[in-house]
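Counting convention: from 1, in listed order, for ligands and their atoms alike. Below, each value reflects all heavy atoms present in this structure, side chains not excepted, and no hydrogens, waters or symmetry copies. Throughout, numbering of the chain's residues begins at 1 and tracks the sequence.
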Amino acid sequence: MDQNIYQFIDVKRIEPTKKNINKRKKQFVEIYEDVSDKQAKSQADRCLDCGNPYCQWKCPVHNYIPQWLKLANEGRIIEAAELAHQTNSLPEVCGRVCPQDRLCESVCTLNDDFGAVTIGTIEKYIVDTAFKLGWKPDLSKVNKMGKKVAVVGAGPAGLSCADILSRNGVDVHVFDRYPEIGGLLTFGIPAFKLDKNIIKNRRTIFEEMGVNFHLNTEIGKDLQFSQLLDEYDAIFLSVGTYKSLIPQFHDPKLQNVTNALPFLVTQGYKNIGLEKQDYDLSQIKNKNVIVLGGGDTAMDCVRTSIRLGANSVKCIYRKDRETMPGSKQEVQNAIEEGVDFKFNLQPIEFLSDGETAHGVQFHKTYYDEIKKEFITKTDEIIELHADVIIVAFGFRPHNLEWLINHNIELENNGTIKVSKQHLRESQTTNSKVFAGGDMVRGSDLVVTAISDGRLSGKNIIKYLKSN
Ligand SMILES: Cc1cc2nc3c(=O)[nH]c(=O)nc-3n(C[C@H](O)[C@H](O)[C@H](O)COP(=O)(O)OP(=O)(O)OC[C@H]3O[C@@H](n4cnc5c(N)ncnc54)[C@H](O)[C@@H]3O)c2cc1C
Ligand code: SF4
């Protein structure tokens with residue numbers, strides 16, 4: 001029988017079903033149901049194989065998307081998983097947390113008129129199913145290289161570098177100050193977006209591949225960087241960016257104003273059965289919460305507050321809805337869960353008695369068509385009441401005193417300077433030390449951190465072979 005090349009007209013784009021809203025907003029569990037084999041096959045079959053895979057180019061790790069969609073359609077899941085791992089170290093994570101509407105799916109040929117292929121969902125399906133079938137990376141034919149590399153930071157960048165190094169026979173040691181691997185995958189991104197068992201499973205796989213994890217070990221405190229330089233043949237740095245941006249009018253004495261990260265990290269510890277005292281999560285129950293900011297971190301804070309039993313949750317952004325950086329899908333999920341969004345409000349002050357904030361004062365903003373920017377209207381003041389205020393203004397590189405005196409230069413904004421010429425975009429000014437992820441790019445995405453980690457792993461192999 002002839003193949004139906006117009007299947008994308010007959011078969012519409014179908015997103016995975018979301019769990020019941022009343023249950024979902026009380027639970028720290030992923031909100032999407034798994035797709036059936038039948039649905040995954042028919043959705044994968046919507047790919048036109050258009051011959052010019054823009055999706056592959058837009059994907060930061062350049063996944064072989066049309067090829068693994070075809071394998072998924074044919075039910076050849078193990079081959080699809082093998083192929084997915086040729087370009088991505090954590091495909092099941094990207095399938096869950098990549099902003100596909102800005103990346104691969106945004107350029108799918110079907111996107112404008114028929115709805116893009118559900119690329120992220122199928123990437124997740126392939127790898128989840130392969131794991132259920134017992135698939136694991138096979139390193140039995142890898143020869144030991146006789147070299148030892150230290151990776152500092154077990155976030156997606158560090159894990160991806162470790163993946164490439166171990167597949168090339170390097171003895172890899174990953175150090176992290178946290179008690180579990182994953183970085184922001186474990187302690188930042190909430191469990192309703194990324195189940196923590198996904199990372200636990202990856203840890204088992206990495207350990208079986210021979211990666212050695214040294215957790216609860218902070219470099220610069222528990223172990224000196226100079227010791228790593230003495231003992232290892234090369235080092236990969238991937239410690240992220242952890243300095244929270246705070247408003248100029250912030251007053252640290254205000255007990256009920258917090259930054260996003262201590263709040264999310266405390267919940268992240270709880271999700272894996274550990275305790276952290278950075279923030280008292282019981283403060284949220286029955287309270288009126290205001291979250292300042294409009295990015296994905298703000299979306300995670302509002303949706304976490306809903307699940308902690310807040311009475312009301314408002315998300316306040318200083319520009320308009322179209323300009324808000326939070327992924328459209330996450331904003332939609334937050335609205336469904338009861339979050340009230342307010343736009344064009346620039347915070348100017350906390351209303352307080354000196355110890356406790358009871359609200360925020362704002363100026364209105366509007367878009368000036370001539371100046372092409374948002375302007376604050378100082379003649380109009382709006383006040384909103386809050387019992388708890390969470391600031392989600394983003395992150396900058398934190399202080400890395402332990403790098404000083406090791407010939408590693410920083411850019412003016414505190415990110416690490418990497419070579420644009422030799423071992424491209426990963427070697428620092430100390431030739432033995434490589435770096436990637438948020439600490440080089442500034443706060444970005446999981447998939448770009450993975451891309452950096454993989455590139456650095458390959459560059460480290462070249463460096464080790466020539467030294
Ligand atoms: C709340 C939140 C939600 C996000 N949601 C998304 C999303 O949905 N999708 C998406 O694509 N991106 C998202 N991001 C961005 C994404 O998580 C990051 O871009 C990515 O994790 C960066 O990876 P990384 O490996 O560079 O750093 P991290 O993930 O930050 O990992 C760095 C690791 O280094 C460790 N470390 C730091 N200093 C030391 C030291 N001195 N010694 C030892 N270890 C150290 C840290 O403990 C941490 O484990 C989100 C970010 C945040 C904050
Ligand atoms: S890694 Fe991210 S951008 Fe690339 S195909 Fe997967 S979901 Fe799309």
If you measure every N or O of G436 against every N or O of ligand 1, does any of those distances drop under 3.5 Å?
no
With respect to Y178, determine whether any N or O atom, backbone or side chain, lies less than 3.5 Å from an N or O atom of ligand 1.
no
Checking a contact table here: which protein heavy atom is nearest atom 6 (Fe) of ligand 2, and how many Å away?
E123 OE1, 2.1 Å
Of all the heavy atoms in F395, does at least one lie under 4.0 Å from an atom in ligand 1?
yes
Test item: E275 and Y269 side chains (from C-beta on) under 4.5 Å apart, heavy atoms:
no
Just wondering, is there an N, O or S atom on C55 that's nearer than 2.8 Å to atom 8 (Fe) of ligand 2?
no
Do any heavy atoms of P156 fall under 4.0 Å from ligand 1?
yes
Of the options K18, R24, K19, which is the one that meets E337 in a salt bridge (charged side-chain N to carboxylate O under 4.0 Å, His left out)?
R24
Report, in ascending order of atom number, the atoms of ligand 2 lying under 4.0 Å from any heavy atom of C94.
1 (S), 7 (S)
Look at atom 44 (N) of ligand 1 and say which protein heavy atom is nearest, naming residue and atom and giving the distance to 0.1 Å.
R177 N, 3.2 Å
Does ligand 1 have any atom sitting under 4.0 Å from a heavy atom of T448?
no
Tell me: protein heavy atom nearest atom 2 (Fe) of ligand 2, and distance?
C98 SG, 2.5 Å
Can you check which of D176, V239, V440, V151 brings a heavy atom nearest to atom 38 (N) of ligand 1?
V239
Which of the numbered atoms in ligand 2 are under 4.0 angstrom from any heavy atom belonging to N88?
1 (S)
Option set G240, P179, A154, criterion heavy-atom distance to atom 27 (O) of ligand 1, minimum:
G240
For atom 4 (Fe) of ligand 2, does an N/O/S atom of C59 lie at less than 2.8 Å?
yes
Of D296, V93, D300, T304, which has the heavy atom at the shortest distance from atom 3 (C) of ligand 1?
D300
Stepwise side chain to side chain donor-acceptor pair (under 3.5 Å) check, D438 with Y242
CA-CA 10 Å; D438 280 2; Y242 283 87; over 6 Å; no
Would you mind telling me which of D340, D387, N288 makes a side chain to side chain donor-acceptor pair (under 3.5 Å) with S312?
N288
Among all the protein's non-hydrogen atoms, which is closest to atom 17 (O) of ligand 1, and how far away is it?
L184 CB, 3.5 Å
Between D438 and ligand 1, is there a nitrogen or oxygen pair with a distance under 3.5 Å?
yes
Using heavy-atom distances, let me know which of S238, G183, G153, C94 sits nearest atom 32 (C) of ligand 1.
S238
